[in-house]
Number of protein chains: 4
Amino acid sequence: MNGKTRREKERVARRKQILAAARVVFSRKGYHHSTLEEIARKAQLGKGTTYWYFSGKAELFLAVLEGVIDEQLLKVKQAASEKADCRSRIEGIAREQLEHFAKNQFLTRILSSEVVFKTQEMKRRMKRSIDERYAVYTELVEDVLREGISRREIRRVDVKKMSHVLLSVLHSLVYYWHIKEIKPRPAEDARMVCDLVFEGLER
Amino acid sequence: MNGKTRREKERVARRKQILAAARVVFSRKGYHHSTLEEIARKAQLGKGTTYWYFSGKAELFLAVLEGVIDEQLLKVKQAASEKADCRSRIEGIAREQLEHFAKNQFLTRILSSEVVFKTQEMKRRMKRSIDERYAVYTELVEDVLREGISRREIRRVDVKKMSHVLLSVLHSLVYYWHIKEIKPRPAEDARMVCDLVFEGLER
Amino acid sequence: MNGKTRREKERVARRKQILAAARVVFSRKGYHHSTLEEIARKAQLGKGTTYWYFSGKAELFLAVLEGVIDEQLLKVKQAASEKADCRSRIEGIAREQLEHFAKNQFLTRILSSEVVFKTQEMKRRMKRSIDERYAVYTELVEDVLREGISRREIRRVDVKKMSHVLLSVLHSLVYYWHIKEIKPRPAEDARMVCDLVFEGLER
Amino acid sequence: MNGKTRREKERVARRKQILAAARVVFSRKGYHHSTLEEIARKAQLGKGTTYWYFSGKAELFLAVLEGVIDEQLLKVKQAASEKADCRSRIEGIAREQLEHFAKNQFLTRILSSEVVFKTQEMKRRMKRSIDERYAVYTELVEDVLREGISRREIRRVDVKKMSHVLLSVLHSLVYYWHIKEIKPRPAEDARMVCDLVFEGLER
DNA sequence: TATGAATGAGGTTTCATTCAT
DNA sequence: AATGAATGAAACCTCATTCAT
């Protein structure tokens, strides 16, 4: 039982090692300019070794992506489950998300747009993988909004669309930080977004 | 006068021909999966001919990008100059923009995120090129907002940030359409965004 | 008679113009790194025009080469026909040659070695062209040496080989100038070569 | 100890294999008409493999060149260190050199003249590489000459220039062999050159 | 005649993936 | 399991030559 477990543990450790290295490299250079050579070197492993853990570059990229999103989901879940009024919880979610985006800025941008895969097969897999996680996320936000509506803290809105719009605004702030070369300020920006979304422009 | 003009005209026509083909291919496949071979074939020209008009793949891509943004700017300008109240004009801008995004969906996504260039030199050129156009765009929106403030149609806000947030929301809707595989409805979505932005969630 | 002659003259002038430009470019960059584009531009003509005068790059190169050698032969002939003793005339020939080499340094080096042509056909033509001119040159030197022998100014030697060796030494000085980045001193070097060849090292 | 050495040995062997193939191809076709495709095929390796050992065509060429010169230097050193009088040793050096030239005729010609590299960087590297080796060579000859002078076997001459002239004469004989399509006779030609250089033409 | 535009063969290089050890 | 070496498809780019005007 011990020998096998040891092996098992080592395998998991190696996987993490590779994923960590890959995350850094993909983040810095985007998918196409990253090479397995560099990733393997950074993970202090031979190039061939990565193929024992991931069936190829595409698979590895997908795994990195899923890891990044899962980490984020975890934090967002915590923020959503806080005992507080609707607005505070939304602001909390926004803050967590922006913090996470700030840490994984470039990767987030790849996620949202780089045309990574050539084969339809992989494109579909990537889409499915992101969709699943995205659904979990929007459900969380929807629940918070729904509760807010039932508590009469906010007015009746299409919670589906609104939950997405919220994510969108946050998401696009990353782009703003990037093109304006601004140092990200997650807390501050989270508040601003909430002010806008809750109070609107009028009056 | 005619001989020279003829040549001149043909040159311009060819340029457009190549740009059109490139726009289609880049849109469909992203930067890295597009090949000059295919672009040239689609433009019904020899591979080498593209080099007569653009110094390389990178340059061609940049030209396509600039073309797309410029077209968009033109429409947004028209919408911004309408005689109407602040909210209607913002909604008009939003609608134009979403319509344009819908037509150039994939390209817009490349624009916002694909890590296209390897050399620092080209990255800088792309950034500068986008920044310049982006600045024109936000100024337009800022003016509309400022006027709205002075006319007391909307409350005092940071017009700079707000104009960006607006673009961001629109921009990110493209992403939403994409991952949800939704048929874009520019007019409807423009209204929704305006409702959110002007009225807020509260009450 | 006049119309035709005018045409004729213009043709010849254009040819010279192209040859002059080509000589400069080939000299600076060697055969393979020279482009017809650059040559035509330097000759202030369209790229296509060169094809009216030379059937292609190879032909043009050959013509340049022949021109350079012919100029040199002319000067060497003059030096060889001077009324003077054998040694003075040889020194004169050497000086003329070195001066010419100095002016056409890089071209001389291409001449002697660059593998210019790919087809056997062109290689043969180049060889024949050079051989013919080379033969004229060595005959000149041989005559001077033979006369020197008959006048008992120098000892009996294989004049054929010796005439070549003389050319060789001169030729290789160009290489020496080049790798040592020395400013050519034709007169001085001609004297040195003569000293060596006539007096030898011994005693 | 064995495992590592095995790898090491194989690497060295492959390098030699590639260098050998490259030497043959470069010799036959010159730098520009040689393709990595052909070199790899001749080395019975894949095209990409050469890049594992040499960073590119230019680098490979430089390595071939250095190899050829180094082999030659080795032989010349041996000839220079013979116990004998100055003239015999010079003749020995000349013979060795001519033999080597005969074997690497075409490559020697590329070396001396083909404009191989386009970038200033590579030109400089090639120059430096050749210069270093050339310096070793001329020093050897200079030493022999200096000793000859001090032993009063030859008269006082500029040993620096003379050592170069000697190399030049030898070098240019390769050219002679080539254009006259003569079968090289290293021993005989070495003697002739010595006769000329030591006895001179006079008397 | 003169030319600028068009062409595509041909070359170099990169790198994901495979494989023998 | 781990690896470094091997592979070759694929892509970009250059430029001699052709050609319509």
Side-chain angles (χ1 to χ4, degrees), chain A residues 7 10-11 14 32-41 44-60 118, chain B residues 3-4 6-8 10-11 14 18 32-41 43-60 118, chain C residues 7 10-11 14 32-41 44-60 118, chain D residues 3 6-8 10-11 14-15 18 32-41 43-60 118:
Chain A
R7 281 267 166 100
E10 271 185 17
R11 258 196 90 78
R14 280 265 196 281
H32 291 286
H33 297 307
S34 298
T35 67
L36 283 189
E37 178 81 40
E38 187 176 357
I39 291 170
R41 198 171 46 239
Q44 292 185 297
L45 289 170
K47 202 189 339 179
T49 308
T50 57
Y51 282 84
W52 278 101
Y53 295 89
F54 302 92
S55 73
K57 190 187 184 183
E59 209 75 36
L60 177 54
K118 214 171 177 177
Chain B
K4 212 172 184 179
R6 163 86 80 74
R7 273 274 161 99
E8 212 51 26
E10 273 185 5
R11 258 198 89 80
R14 278 269 191 282
I18 295 170
H32 292 286
H33 296 307
S34 300
T35 68
L36 283 188
E37 180 89 39
E38 185 178 357
I39 291 170
R41 200 168 44 238
Q44 292 184 296
L45 290 170
K47 204 193 331 177
T49 309
T50 56
Y51 285 87
W52 193 259
Y53 293 88
F54 301 93
S55 73
K57 189 186 182 184
E59 209 75 35
L60 177 55
K118 215 171 178 178
Chain C
R7 281 268 166 100
E10 271 185 20
R11 258 197 89 79
R14 279 265 196 283
H32 291 286
H33 297 306
S34 298
T35 67
L36 282 190
E37 178 83 40
E38 187 177 356
I39 291 170
R41 199 170 45 239
Q44 291 184 297
L45 289 170
K47 205 192 332 180
T49 310
T50 56
Y51 283 83
W52 278 102
Y53 296 88
F54 301 93
S55 72
K57 189 185 183 184
E59 208 76 35
L60 176 54
K118 213 171 178 178
Chain D
R6 164 85 81 75
R7 274 273 162 101
E8 212 53 25
E10 272 185 6
R11 260 197 87 79
R14 278 272 192 279
R15 241 188 96 94
I18 294 170
H32 292 285
H33 296 307
S34 299
T35 69
L36 282 188
E37 181 88 40
E38 186 177 357
I39 291 170
R41 199 168 45 238
Q44 291 183 298
L45 290 170
K47 205 192 330 175
T49 309
T50 55
Y51 283 86
W52 193 259
Y53 293 89
F54 300 93
S55 72
K57 190 186 182 185
E59 209 76 34
L60 177 54
K118 213 171 178 179

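Naming: A, B, ... by sequence-line order, numbering from 1 per chain. Being a predicted model, the structure only gives us computed values, none of them experimental.
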TODO: Classify the nucleic acid contact of A/Ser34 as base, sugar-phosphate or nothing, counting any heavy atom under 4.0 Å across all strands shown.
DONE: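 Contact class for A/Ser34: sugar-phosphate only.
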- [ ] For A/Phe54 and E/dA16, give me the distance from atom CZ to atom C1', rounded to whole Å.
- [x]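 Answer to the nearest Å: 16 Å.
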- [ ] Rounded to the nearest angstrom, tell me the gap between atom NE2 in A/His33 and atom C1' in F/dA11.
- [x]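 From A/His33 NE2 to F/dA11 C1': 13 Å.
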Task: By side chain to side chain contact (heavy atoms under 4.5 Å, CB included) - contacts of B/Lys57 (at least two apart) - done: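 Here the qualifying residues are B/Phe26, B/Tyr31, B/Leu36.
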Open item on the list: Go nucleotide by nucleotide along DNA chain F from the 5' end; which of C/Ala58 and B/Thr35 gets its closest nucleotide reached first?
Closed with: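 Here B/Thr35 is the residue nearer the 5' end.
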Task: Whole-Å gap separating P (F/dA9) and CG (D/Leu36) - done: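 Rounded to the whole Å, the gap is 16 Å.
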- [ ] Examine E/dG11: is either OP1 or OP2 under 4.0 Å from a nitrogen or oxygen in the side chain of C/Lys118? Give yes or no.
- [x]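 Indeed, a polar side-chain atom of C/Lys118 lies that close.
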Open item on the list: If the condition is salt bridge (charged side-chain N to carboxylate O under 4.0 Å, His left out), which residues does D/Glu10 pass it with, not counting sequence neighbours?
Closed with: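 In terms of salt bridge (charged side-chain N to carboxylate O under 4.0 Å, His left out), with neighbours along the sequence ignored, D/Glu10 is linked to no residue.
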Task: Summary of protein contacts for nucleotides 3-9 of chain E, nucleotide by nucleotide, where a base hit scores B, a sugar-phosphate-only hit scores S (4.0 Å, heavy atoms) - done: BBBBBBB
Task: Partners meeting side chain to side chain contact (heavy atoms under 4.5 Å, CB included) with D/Glu37 (sequence neighbours left out) - done: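 Here the qualifying residues are D/Thr35, D/Arg41, D/Lys47.
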Open item on the list: Just the rounded figure in Å: distance from P of F/dA11 to NE2 of B/His32.
Closed with: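 So the NE2-P distance, B/His32 to F/dA11, works out to 13 Å.
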TODO: Report yes if some heavy atom in the side chain of A/His32 is under 4.5 Å from a heavy atom in the side chain of B/Lys118; otherwise report no.
DONE: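 They are not in side-chain contact.
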Open item on the list: In whole Å, I'd like the distance from the CZ atom of C/Arg41 to the P atom of F/dA16.
Closed with: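 So the CZ-P distance, C/Arg41 to F/dA16, works out to 12 Å.
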- [ ] Could you tell me which non-hydrogen atom of D/Ile18 sits nearest to which non-hydrogen atom of D/Ala43, and how far apart they are?
- [x]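 Answer, listing the atom of D/Ile18 first, then D/Ala43: CA-CB, 4.2 Å.
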Task: Value in whole Å for how far the P atom of F/dC15 lies from NZ of C/Lys57 - done: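 To the nearest whole Å, that distance equals 8 Å.
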Task: For A/Arg11, all residues meeting side chain to side chain contact (heavy atoms under 4.5 Å, CB included), sequence neighbours excluded - done: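 For A/Arg11 the side chain to side chain contact (heavy atoms under 4.5 Å, CB included) partners, ignoring immediate neighbours, are A/Tyr53.
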Task: Contact summary for D/Gly46 and D/Ala40, nearest pair of heavy atoms - done: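 Nearest pair, atom of D/Gly46 first, then D/Ala40: O-CB, 3.7 Å.
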- [ ] Find the distance D/Glu59:CD to E/dT13:C1' and express it as a whole number of Å.
- [x]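 Spelled out: CD on D/Glu59 to C1' on E/dT13 is 14 Å.
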Open item on the list: In this structure, how many angstroms lie between the C1' atom of F/dC19 and the OH atom of C/Tyr51, rounded?
Closed with: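 Nearest whole value for this atom pair: 12 Å.
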TODO: Let me have DNA chain E in dot-bracket notation, would you? Count Watson-Crick plus G-U wobble pairs, both distances under 3.5 Å, and use [ ] for pairs crossing earlier ones and | for inter-strand partners.
DONE: .||||||||||||||||||||
